[in-house]
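A short write-up of the structure that comes next.
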Amino acid sequence: MASIDPASADLVDELGRLIAAGGKRLRPAFCVWGHLACGGVDGGSVIRAAAALELLHTFALVHDDVMDDADERRGVPTTHALFALPAEDGARRVSFGRSVAVLVGDLGAVLAESMLRTSGFEAERVAVALDHFDRMRVEMAAGQYLDLAGVARRDIASAEHVAKLKGGSYTVEGPLMIGAALAGASVEMDSALTAFARPAGEAFQLRDDLTDHDAAPGISADRVNELVARAIAALEEAPLQREAVRALRSLAELLRPEPS
């Protein structure tokens with residue numbers, strides 16, 4: 001970016017600021033453990049692929065903050081709030097901040113795909129991983145739209161459907177399957193990881209909705225705990241590396257709601 005024009009490097013610096021502010025790093029963790037679960041090797045290549053997922057998440061957060069008109073994320077100003085400050089005119093200031101946020105998010109999405117594509121794995125495995133990446137991003141957009149449209153609040157079935165798309169797909173299932181694809185996973189391994197990922201991903205999103213007091217009527221902590229239990233049960237007798245199974249079980253336990 002600096003070679004294009006030094007000023008444009010501000011967009012990269014902003015991505016770095018947001019990532020440095022913290023976060024759970026769940027998506028990279030699921031990617032790495034999905035890779036190791038299927039016999040993959042730890043190292044720079046899978047870390048690069050996992051980092052791509054954190055960049056994709058950062059893109060989603062930047063745009064989400066614009067939609068929600070949020071001023072703070074992870075204890076620091078959101079992108080649109082930060083870049084609104086230097087301008088002089090009130091209306092112009094808001095417009096400029098939002099415009100920069102759109103560009104920062106777009107750049108994060110571009111760099112995420114580039115990092116995954118150049119992660120260093122065999123071309124055939126990267127192609128399979130990119131198929132999962134494409135599907136994950138489509139479902140992510142669909143879920144976000146359905147949530148904005150209020151579909152998630154119609155009833156329990158609708159809430160769970162949106163949760164699978166909005167959070168489950170790109171938080172758990174997509175990252176796991178990308179890591180597995182880069183390891184050359186078998187059909188049996190893919191099936192085992194999918195059986196774990198779907199209830200775990202749904203649990204993540206419903207727990208998030210409960211925490212934000214935005215859950216549909218009928219969604220409860222008991223339902224989330226039931227989904228976590230189902231995810232953990234799917235790991236029993238799964239044809240996966242045992243150390244990774246233990247790690248996935250621990251990650252699933254983190255999805256349980258805090259005791260009230």
Side-chain angles (χ1 to χ4, degrees), residues 22-34 37 53 57 60-61 64-65 67-68 70 73-74 132 135-136 139-177 179-180 189-240 242-260:
K24 302 179 186 71
R25 309 295 195 241
L26 276 176
R27 293 155 192 86
F30 278 120
C31 180
V32 170
W33 285 112
L53 291 166
H57 181 49
L61 293 182
D64 195 49
D65 288 338
M67 295 178 210
D68 293 343
R73 167 80 68 175
R74 297 171 177 168
H132 289 295
R135 177 178 176 178
M136 177 183 72
E139 291 183 348
M140 178 176 151
Q144 182 72 354
Y145 171 72
L146 292 173
D147 188 45
L148 284 171
V151 172
R153 297 195 60 80
R154 289 178 184 167
D155 50 46
I156 294 176
S158 297
E160 294 186 346
H161 174 61
V162 173
K164 290 173 186 175
L165 295 171
K166 184 184 176 187
S169 179
Y170 104 103
T171 300
V172 184
E173 184 174 357
L176 270 177
M177 302 313 292
M189 290 173 174
D190 278 349
S191 295
L193 288 174
T194 300
F196 164 81
R198 290 185 176 168
E202 188 179 337
F204 168 82
Q205 187 59 52
L206 293 179
R207 177 189 188 274
D208 201 44
D209 292 342
L210 286 169
T211 301
D212 293 341
H213 305 290
D214 195 33
I219 298 297
S220 66
D222 287 344
R223 176 56 178 158
V224 176
N225 285 323
E226 177 188 330
L227 289 164
V228 171
R230 190 196 307 170
I232 292 172
L235 296 172
E236 300 299 329
E237 309 301 327
L240 304 170
R242 290 296 97 189
E243 180 186 3
V245 166
R246 288 191 290 272
L248 292 174
R249 186 181 294 117
S250 296
L251 287 169
E253 290 289 353
L254 294 175
L255 304 178
R256 293 188 185 277
E258 295 288 338
S260 56

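Between Glu202 and the options Thr171, Leu227, Val224, a side-chain contact (heavy atoms from CB on, under 4.5 Å) holds for only Leu227.
Between Leu176 and Ala197, the shortest heavy-atom contact is CD1-CB, 3.7 Å. Taking every heavy atom of both residues into account, Ala234 and Ala238 meet most closely at O-CB, 4.0 Å. Smallest separation of non-hydrogen atoms from Asp190 and Ala180: OD1-CB, 4.0 Å. Among all heavy-atom pairs drawn from Pro217 and Ile156, the shortest one is O-CG1, 3.4 Å. Nearest approach of Ala163 to Leu206, heavy atoms of both residues: CB-CD2, 3.9 Å. Nearest heavy-atom pair, Ser169 versus Glu139, reported as atom, atom and distance to 0.1 Å: OG-OE1, 2.6 Å.
For the atom pair Ile219 CD1 and Asp214 CG, the distance stands at 11.5 Å (nearest 0.5 Å). The CZ atom of Phe196 sits 5.5 Å away from atom CG of Leu235, with the distance rounded to the nearest 0.5 Å. With values rounded to the nearest 0.5 angstrom, Leu146 atom CG is found 6.5 Å from Leu165 atom CG. The SG atom of Cys31 lies 12.5 Å from the CG atom of Leu26; values are rounded to the nearest 0.5 Å. One distance of note links CG of Leu53 with CZ of Arg25; it measures 12.5 Å at 0.5 Å rounding. We find the CD-CZ distance between Glu173 and Arg198 to be 4.5 Å, quoted to the nearest 0.5 Å.
Annotation for Glu237: atom CD does not count as buried by contact number, only 12 or fewer foreign heavy atoms lying within 6.0 Å. Counting heavy atoms of neighbouring residues, nucleotides and ligands inside a 6.0 Å radius, atom CZ of Arg135 does not exceed 12 of them.
Judged as a side chain to side chain donor-acceptor pair (under 3.5 Å), the pairs with a partner in residues 216-225 (not counting sequence neighbours) are, in order, Glu160-Arg223, Arg223-Glu226, Asn225-Arg256.
Residues Phe30 and Leu248 have side chains in contact (heavy-atom distance under 4.5 Å, counting atoms from C-beta outward). Between Met67 and Gln144, the closest side-chain pair of non-hydrogen atoms falls below 4.5 Å. For the pair Val228 and Arg207, the minimum side-chain heavy-atom distance is 4.5 Å or more. In this structure, Ile232 and Glu253 have side chains that are in contact, with non-hydrogen atoms separated by less than 4.5 Å.
With sequence neighbours left out, the ring-ring contact (aromatic ring centres under 6.0 Å, His included) criterion links Tyr170 to His57. Remark: Ser158 engages Val151, Arg154, Asp155 in a side-chain contact (heavy atoms from CB on, under 4.5 Å) (not counting sequence neighbours).
At distances below 3.5 Å, not a single donor-acceptor pair connects side-chain atoms of Arg27 with backbone N or O atoms of Pro175.
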